[in-house]
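One structure is given below, encoded as C-alpha coordinates.
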Amino acid sequence: MQKKGFTLVEILVAVMIVALLVTMAVPMYEKTVEKSRMAEARTLMKKILESKLRTLDNMNRENYASGLFGFENLDLSIPCVDASSGERLSRCTGNTIYTRDFKYTLVPSGTLSGSAATLINGVCAVRRKGDNAGVNFLYLGELETNSSRDNFLCNNGTSGGSCEVYGLDSTSSGWCS
(Lines give C-alpha, C1' and ligand atoms only; values in the text may rest on other atoms or scores of the structure.)
Protein backbone atom coordinates (compact mmCIF):
# COMPACT_ATOMS: atom_id res chain seq x y z
CA MET A 1 0.00 0.00 0.00
CA GLN A 2 1.36 3.40 -1.02
CA LYS A 3 1.28 6.32 1.45
CA LYS A 4 0.01 9.67 0.19
CA GLY A 5 1.48 13.02 1.26
CA PHE A 6 4.52 15.27 0.93
CA THR A 7 8.04 14.57 2.09
CA LEU A 8 9.87 16.90 4.45
CA VAL A 9 12.17 18.01 1.63
CA GLU A 10 9.23 18.95 -0.60
CA ILE A 11 7.64 20.98 2.19
CA LEU A 12 10.93 22.78 2.94
CA VAL A 13 11.44 23.66 -0.73
CA ALA A 14 7.89 25.03 -0.97
CA VAL A 15 8.38 27.12 2.21
CA MET A 16 11.70 28.49 0.87
CA ILE A 17 10.08 29.49 -2.42
CA VAL A 18 7.22 31.26 -0.62
CA ALA A 19 9.71 33.05 1.71
CA LEU A 20 11.74 34.20 -1.29
CA LEU A 21 8.66 35.56 -3.07
CA VAL A 22 7.50 37.41 0.05
CA THR A 23 10.99 38.88 0.56
CA MET A 24 10.92 40.25 -2.98
CA ALA A 25 7.30 41.46 -2.83
CA VAL A 26 7.37 43.47 0.44
CA PRO A 27 9.66 46.30 -0.78
CA MET A 28 7.65 46.62 -3.99
CA TYR A 29 4.45 46.76 -1.94
CA GLU A 30 5.86 49.46 0.36
CA LYS A 31 6.97 51.52 -2.63
CA THR A 32 3.51 51.17 -4.19
CA VAL A 33 1.85 52.29 -0.94
CA GLU A 34 4.14 55.35 -0.75
CA LYS A 35 3.34 56.28 -4.35
CA SER A 36 -0.36 55.89 -3.62
CA ARG A 37 -0.12 58.19 -0.58
CA MET A 38 1.78 60.71 -2.67
CA ALA A 39 -0.81 60.58 -5.44
CA GLU A 40 -3.50 61.24 -2.83
CA ALA A 41 -1.49 64.17 -1.43
CA ARG A 42 -0.90 65.64 -4.90
CA THR A 43 -4.61 65.48 -5.67
CA LEU A 44 -5.48 67.13 -2.36
CA MET A 45 -2.83 69.83 -2.85
CA LYS A 46 -4.30 70.68 -6.25
CA LYS A 47 -7.80 70.85 -4.78
CA ILE A 48 -6.56 73.03 -1.91
CA LEU A 49 -4.82 75.48 -4.25
CA GLU A 50 -7.82 75.67 -6.58
CA SER A 51 -10.13 76.30 -3.61
CA LYS A 52 -7.71 78.88 -2.22
CA LEU A 53 -7.60 80.80 -5.49
CA ARG A 54 -11.40 80.67 -5.86
CA THR A 55 -11.82 81.94 -2.31
CA LEU A 56 -9.24 84.71 -2.74
CA ASP A 57 -11.06 85.91 -5.84
CA ASN A 58 -14.12 86.48 -3.64
CA MET A 59 -12.50 88.11 -0.59
CA ASN A 60 -10.42 91.02 0.49
CA ARG A 61 -6.78 90.08 -0.21
CA GLU A 62 -5.59 92.27 2.68
CA ASN A 63 -7.11 89.72 5.06
CA TYR A 64 -4.98 87.04 3.39
CA ALA A 65 -1.81 89.11 3.60
CA SER A 66 -2.36 89.81 7.30
CA GLY A 67 -2.62 86.11 8.15
CA LEU A 68 -6.38 85.93 8.64
CA PHE A 69 -6.86 83.47 5.79
CA GLY A 70 -6.88 79.76 6.66
CA PHE A 71 -8.32 76.37 5.82
CA GLU A 72 -11.63 77.36 7.41
CA ASN A 73 -12.15 79.78 4.48
CA LEU A 74 -11.91 77.09 1.81
CA ASP A 75 -14.92 75.60 0.06
CA LEU A 76 -13.65 72.07 0.46
CA SER A 77 -13.77 69.40 3.14
CA ILE A 78 -10.45 67.92 4.26
CA PRO A 79 -10.07 64.95 6.64
CA CYS A 80 -7.85 66.79 9.15
CA VAL A 81 -6.68 65.29 12.45
CA ASP A 82 -5.21 66.56 15.71
CA ALA A 83 -1.40 66.65 15.32
CA SER A 84 -0.63 64.89 18.59
CA SER A 85 -3.51 62.46 19.14
CA GLY A 86 -4.43 61.68 15.53
CA GLU A 87 -8.14 62.06 16.31
CA ARG A 88 -10.34 63.35 13.49
CA LEU A 89 -11.32 67.01 13.81
CA SER A 90 -14.74 68.30 12.81
CA ARG A 91 -13.28 71.49 11.30
CA CYS A 92 -9.90 72.43 9.82
CA THR A 93 -8.67 75.88 10.91
CA GLY A 94 -5.54 77.97 10.55
CA ASN A 95 -2.85 78.03 7.87
CA THR A 96 -1.53 74.57 8.79
CA ILE A 97 -3.49 71.34 9.17
CA TYR A 98 -2.62 67.70 9.64
CA THR A 99 -4.01 64.62 7.94
CA ARG A 100 -3.13 61.04 8.72
CA ASP A 101 0.05 61.11 6.59
CA PHE A 102 0.82 64.76 5.77
CA LYS A 103 1.00 68.26 7.18
CA TYR A 104 -0.43 70.85 4.75
CA THR A 105 0.33 74.57 4.85
CA LEU A 106 -1.25 77.40 2.89
CA VAL A 107 1.64 79.58 1.79
CA PRO A 108 0.91 83.34 1.79
CA SER A 109 1.70 85.37 -1.29
CA GLY A 110 5.34 86.25 -1.76
CA THR A 111 6.79 84.41 1.25
CA LEU A 112 8.94 81.95 -0.70
CA SER A 113 11.43 82.75 -3.40
CA GLY A 114 14.56 81.24 -4.85
CA SER A 115 16.16 80.01 -8.02
CA ALA A 116 13.59 77.21 -8.42
CA ALA A 117 10.56 79.44 -8.41
CA THR A 118 9.09 82.71 -7.35
CA LEU A 119 6.05 81.83 -5.35
CA ILE A 120 2.85 83.77 -5.76
CA ASN A 121 0.52 81.19 -4.24
CA GLY A 122 1.24 77.65 -3.21
CA VAL A 123 0.50 74.73 -0.93
CA CYS A 124 3.18 72.89 1.03
CA ALA A 125 2.92 69.34 2.31
CA VAL A 126 5.33 67.48 4.57
CA ARG A 127 5.32 63.69 5.00
CA ARG A 128 4.63 63.17 8.71
CA LYS A 129 5.72 59.62 9.41
CA GLY A 130 7.30 56.48 8.02
CA ASP A 131 10.66 56.07 6.32
CA ASN A 132 10.09 59.24 4.30
CA ALA A 133 9.08 61.48 7.19
CA GLY A 134 10.20 65.06 6.67
CA VAL A 135 10.20 64.92 2.88
CA ASN A 136 8.37 68.01 1.76
CA PHE A 137 6.52 69.02 -1.35
CA LEU A 138 5.44 72.31 -2.86
CA TYR A 139 2.65 72.73 -5.39
CA LEU A 140 2.65 76.01 -7.28
CA GLY A 141 -0.20 75.50 -9.69
CA GLU A 142 0.44 77.48 -12.87
CA LEU A 143 2.43 80.17 -11.11
CA GLU A 144 6.02 78.97 -11.40
CA THR A 145 8.54 81.04 -13.33
CA ASN A 146 10.78 78.13 -14.36
CA SER A 147 8.75 76.33 -17.04
CA SER A 148 11.30 73.50 -17.40
CA ARG A 149 10.16 72.06 -14.06
CA ASP A 150 6.93 70.44 -13.00
CA ASN A 151 4.87 72.73 -10.79
CA PHE A 152 5.07 70.05 -8.11
CA LEU A 153 8.47 70.06 -6.35
CA CYS A 154 10.04 67.64 -3.87
CA ASN A 155 12.74 68.24 -1.26
CA ASN A 156 14.32 65.91 1.27
CA GLY A 157 17.31 68.11 2.07
CA THR A 158 19.61 66.36 -0.41
CA SER A 159 19.52 65.36 -4.02
CA GLY A 160 18.09 61.91 -4.65
CA GLY A 161 16.83 59.64 -1.89
CA SER A 162 13.26 59.81 -0.67
CA CYS A 163 12.02 62.00 -3.51
CA GLU A 164 12.90 59.19 -5.91
CA VAL A 165 10.47 56.88 -4.06
CA TYR A 166 7.71 59.24 -5.19
CA GLY A 167 9.03 59.39 -8.75
CA LEU A 168 10.03 63.05 -8.37
CA ASP A 169 13.27 64.96 -8.76
CA SER A 170 14.71 66.46 -5.60
CA THR A 171 15.52 70.16 -5.53
CA SER A 172 18.28 71.64 -3.42
CA SER A 173 16.37 74.21 -1.39
CA GLY A 174 13.72 73.71 1.29
CA TRP A 175 10.39 75.45 1.55
CA CYS A 176 8.30 73.78 4.22
CA SER A 177 9.27 71.81 7.29
Open item on the list: If I compare all heavy atoms of A125 with all of M45, which pair ends up nearest, and what's the gap?
Closed with: CB-SD, 3.6 Å
Task: Residues that R54 engages under side chain to side chain contact (heavy atoms under 4.5 Å, CB included), provided they are two or more places apart - done: E50, S51, D75
TODO: Could you name each residue pair satisfying salt bridge (Lys or Arg N to Asp or Glu O under 4.0 Å) that touches residues 24-36, not counting sequence neighbours?
DONE: E34-R37, E34-R127
- [ ] Kindly say whether G70 contributes a backbone atom to a donor-acceptor pair with the side chain of K52 at under 3.5 angstrom?
- [x] no
Open item on the list: Show me the pairs that pass salt bridge (Lys or Arg N to Asp or Glu O under 4.0 Å) and involve residues 85-97, at least two apart or across chains.
Closed with: none
Task: Which residues share a side chain to side chain contact (heavy atoms under 4.5 Å, CB included) with V18, sequence neighbours left out - done: V22
- [ ] Mind running side-chain contact (heavy atoms from CB on, under 4.5 Å) on M38 and F137 for me, showing each step along the way?
- [x] CA-CA 10 Å; M38 193 64 239; F137 310 95; 3.2 Å; yes
Open item on the list: Could you list the cluster mates of L89? Members are the ILVMFWY residues connected by side-chain heavy atoms closer than 4.5 Å, either directly or through other members.
Closed with: none
Task: Heavy-atom check, side chain of T96 versus side chain of Y104, under 4.5 Å - done: no
- [ ] Could you grab the distance from atom OG1 of T55 to atom CD1 of I48, nearest 0.5 Å is fine?
- [x] 11.5 Å
Task: All side chain to side chain contact (heavy atoms under 4.5 Å, CB included) counterparts of S77, not counting sequence neighbours - done: none
Task: Qualifying residues under side chain to side chain donor-acceptor pair (under 3.5 Å), relative to T99, sequence neighbours excluded - done: none
Open item on the list: Is the shortest side-chain heavy-atom distance between T43 and K47 below 4.5 Å?
Closed with: yes
Task: Nearest non-hydrogen partners of I97 and I78, listed with the distance - done: CD1-CG2, 3.6 Å
Task: Interatomic distance, K103 atom NZ to C124 atom SG [nearest 0.5 angstrom] - done: 9.0 Å
- [ ] List, by chain and number, the other hydrophobic cluster members for V15, where Ile, Leu, Val, Met, Phe, Trp and Tyr join if side-chain heavy atoms come within less than 4.5 Å, directly or indirectly.
- [x] F6, I11
Task: Option among N95, T93, L76, L106 that satisfies the side-chain contact (heavy atoms from CB on, under 4.5 Å) test with F71 - done: L106
Open item on the list: Run the side chain to side chain donor-acceptor pair (under 3.5 Å) test against T32 and tell me which residues pass, sequence neighbours left out.
Closed with: none
- [ ] Calculate, to the nearest 0.5 Å, the distance between atoms OH and SG belonging to Y139 and C154 respectively.
- [x] 16.0 Å
Open item on the list: Here's a test for you: under side-chain contact (heavy atoms from CB on, under 4.5 Å), which of D82, V126, V81 qualifies with Y98?
Closed with: V81
- [ ] Could you tell me which residues satisfy side chain to side chain contact (heavy atoms under 4.5 Å, CB included) with L20, sequence neighbours excluded, listed by chain and number?
- [x] M24
